[in-house]
Participant: 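First, the structure itself, so that you have it in front of you.
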Amino acid sequence: MRALKVMFLGLFILALLNSPSTASTFSEADGWYKWSVDSPVNMGSSCCGNMSGELAIYVRSSNGGPVRIRAYNANCDKGPEENVTDLGAMSLAQSDALLLEIVQATNVDMDVREDALLWLVLTGSDETFEYVDRLLSSR
Amino acid sequence: MKNILKLATAFALILFSTAAFAQASDTEEQDSLKMAAMEALITAPPERALPIVDKVLASDSSIELKERALFILSQMDTPESQARLVAYASDSQGELQEEAIRMIGIGGDREALAGLSDVYTSGDAKVRQAVLEAYLIADDTDAVFEIATNASNEEEFSEAVQMLGVMGAHEQLRELRNRAGLSESLVEAYMISGDEITLRELALDGSNPEVQLQAIEALGVVGGDDVGQTLVDLYQASADEDVKEAALQGLLISGEDEAVLELYRNSSDSAEKRELLELLVVMGSDDVWDIIDSALEGAE
C-alpha cells in the first residue's frame, strides 16, 4: 500500500512538471495590452523619419494568452486605440521581463514567442544578450 | 489489490510516454527558439552579436544553427566579422566551409571576396565550385577572370569560363580568347553568355574547322535578329558539307523556318530540297502544307 502511495505521489509530481508555462500578465482579460519603453537601440522609422529609441509595444491577448505582438516607434504610434489596457511607461528591465514571459510561455504559439524574442533582442538590454547567449548555448 | 496495481502501472506507462512525447516537443520548440534568437541577432549591434555567434560556431550546435550563424556573420558590416567569415571559409570543412564561402558571396565584402582566392587555390573540387558560386552571387567577374587566367588545367579553366558565361561577362571572355586561345569550353561560354557578335565572327572564320562548327550551332542556340540570315549565308557560301550541316542544325535550333523555306525555294537540287523539306516538317512549319499543295498542283 505504501509503494502505491509513493507511486501516485511520483505521478503527481511528474504531471506538475509537464504543465505548461504561461504568460500570466496577459491572461487577465482579452484585448490589447500596451506599454512604452526606452530602447538603447536607436531605431529608424520609415513612417515618420524621426529617430527615437522609444518604443510602444502592443500585445494582443485572446483566450487568456498572447496571440499577437506589434511594436511602433513612439513618434508614430499606429497601434490600436480601443480595448487597450495601458501598462504605462516601463523600464527596460520591466519590458524585457514581459517579453521574456511570452518567449518562455510554452502554451503560446511559437510564432508569437519568436516575435517576442525579436523585440527582446531589438530593445537589447545586457540581460537580454545574456539570455540569448544561454539559450543558444543550451543543449 | 492486484487490479489497482495493474491500473496504476498502466497509468504510469501512459504518463511516462506522454512525458517522453512532451520532451520531444520541448526539444523542437527549443530548436525553433534558438533559430529565432539567432535570426534576431541580425538586429543587434555587431559588438553584442559577434561573441554569441562565435560561441555558437565553436560549439557542437546543429549544422542548421551554425549555418544561420554564418549568415548573421555575413550581414555584420565590420572587419572583424568578415575576417572571421574568411577564417571559417579557410579552416572549417564540409558543409560548413561551403556555407561560409557562400555567405562571403552574399555579404559581398570586397576584402572577404579577395580572401576567397587562397581558399580556391588550396581547396578541393567542391570548395573550388563553392568559391566560383560565391563570386557569381557577388557578381565579381574580375575574380573569376583571374581564376580562368591562372587555371592550372583544362578542367579548372572550363569551370571558370563557364561561370563567366553564366555571369554574362562578355569582355572578360573576349579577353580570354586573346590570352588563352580558343577552346571548346570558351565557345560554350560565349554561347552561355549569349555573345552573338563573337559567335558570328567565329562561325564565319574557317581557320579552325572544329571551332567553326561549334560556333555555328551555338549561334543557333543564342538566336537573335540576324541569325537566320547569317546561317543561310553560311550554308549557301560554303562547299563544306559539315559547315552546311551545322548551319542547318543552327537553323533548326533557332527555329528559323522562314530562312529554311528561303533555302528550299532557292534550291534546284531535288535531294537538297527533300532534306530541307524534312527539316521544315521537323520544325513544324505551317509553310510545309503550302509546299505540298504546290507540289501536288504541279503534279496534276
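The chains referred to below are lettered A, B, ... by the order of the sequence lines, with proteins before strands, and numbering in each begins at 1. Values below: all heavy atoms of this structure, side chains included; hydrogens, waters and symmetry mates excluded.
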Participant: Got a sec: does the CG of B:D124 have more than 12 other heavy atoms crowding it under 6.0 Å?
Facilitator: yes
Participant: Measure distances from B:S32 to the heavy atoms of chain A and classify the residue's part below 4.5 Å as side chain, backbone, both or neither.
Facilitator: both
Participant: Sequence neighbours excluded, which residues qualify as side-chain hydrogen bond (donor to acceptor under 3.5 Å, both in side chains) partners of B:D142?
Facilitator: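 Here the qualifying residues are B:Q172.
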Participant: One pair to check against side-chain contact (heavy atoms from CB on, under 4.5 Å): B:R48 and A:D126. What are the steps and the verdict?
Facilitator: CA-CA 9 Å; B:R48 304 304 304 262; A:D126 290 347; 3.0 Å; yes
Participant: Can you tell which part of B:D60 gets under 4.5 Å to a heavy atom of chain A, answering side chain, backbone, both or neither?
Facilitator: side chain
Participant: With a 6.0 Å cut-off (strictly less than), is the heavy-atom count around CD of A:E127, excluding the residue itself, greater than 12?
Facilitator: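 Enclosed: over 12 neighbouring heavy atoms sit under 6.0 Å from CD of A:E127.
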Participant: Roughly how far, to the nearest 0.5 Å, is the CD atom of B:E29 from the CD atom of A:Q104?
Facilitator: 12.0 Å
Participant: Nearest 0.5 Å please: distance from the CG atom of A:L117 over to the CG atom of B:L41.
Facilitator: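 A:L117 atom CG to B:L41 atom CG measures 8.5 Å (nearest 0.5 Å).
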Participant: Within the supplied structure, the quantity of interest is the number of heavy atoms (other residues, nucleotides, ligands) at a distance under 6.0 Å from B:I197 CD1; does it exceed 12?
Facilitator: no
Participant: State the NZ-OG distance between B:K34 and A:S137, to the nearest 0.5 angstrom.
Facilitator: 8.0 Å
Participant: Mark yes when over 12 heavy atoms from residues, nucleotides or ligands other than B:E111 sit less than 6.0 Å from its CD; otherwise mark no.
Facilitator: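 No, the 6.0 Å shell around CD holds no more than 12 heavy atoms from other groups.
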Participant: What are the two closest heavy atoms between B:A37 and A:V132, and how far apart are they?
Facilitator: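 Shortest heavy-atom separation between B:A37 and A:V132 comes out as CB-CG1, 4.2 Å.
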Participant: How many angstroms lie between CD in B:E28 and CE in A:M110, if you round to the nearest 0.5 Å?
Facilitator: 9.5 Å
Participant: Kindly check if the number of other-residue, nucleotide or ligand heavy atoms within 6.0 Å of CG (B:D225) is above 12?
Facilitator: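 Counting neighbours around CG of B:D225, 12 or fewer heavy atoms of other residues, nucleotides or ligands fall under 6.0 Å, so no.
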Participant: Is it the backbone or the side chain of A:T128 that comes under 4.5 Å from a heavy atom of chain B, or both, or neither?
Facilitator: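 For A:T128, there is no contact with chain B at all, as no heavy atom is under 4.5 Å.
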Participant: For A:D115, is it the side chain, the backbone, both, or neither that has a heavy atom closer than 4.5 Å to a heavy atom of chain B?
Facilitator: neither
Participant: As a test of understanding, state which of B:V53, B:I52, B:L33 forms a side-chain contact (heavy atoms from CB on, under 4.5 Å) with A:L136.
Facilitator: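 Filter result, single survivor: B:I52.
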Participant: Could you tell me whether B:E47 atom CD has more than 12 heavy atoms of other residues or ligands within 6.0 Å of it?
Facilitator: yes
Participant: Is the count of non-hydrogen atoms from other residues, nucleotides or ligands lying under 6.0 Å from B:E154 atom CD greater than 12?
Facilitator: yes
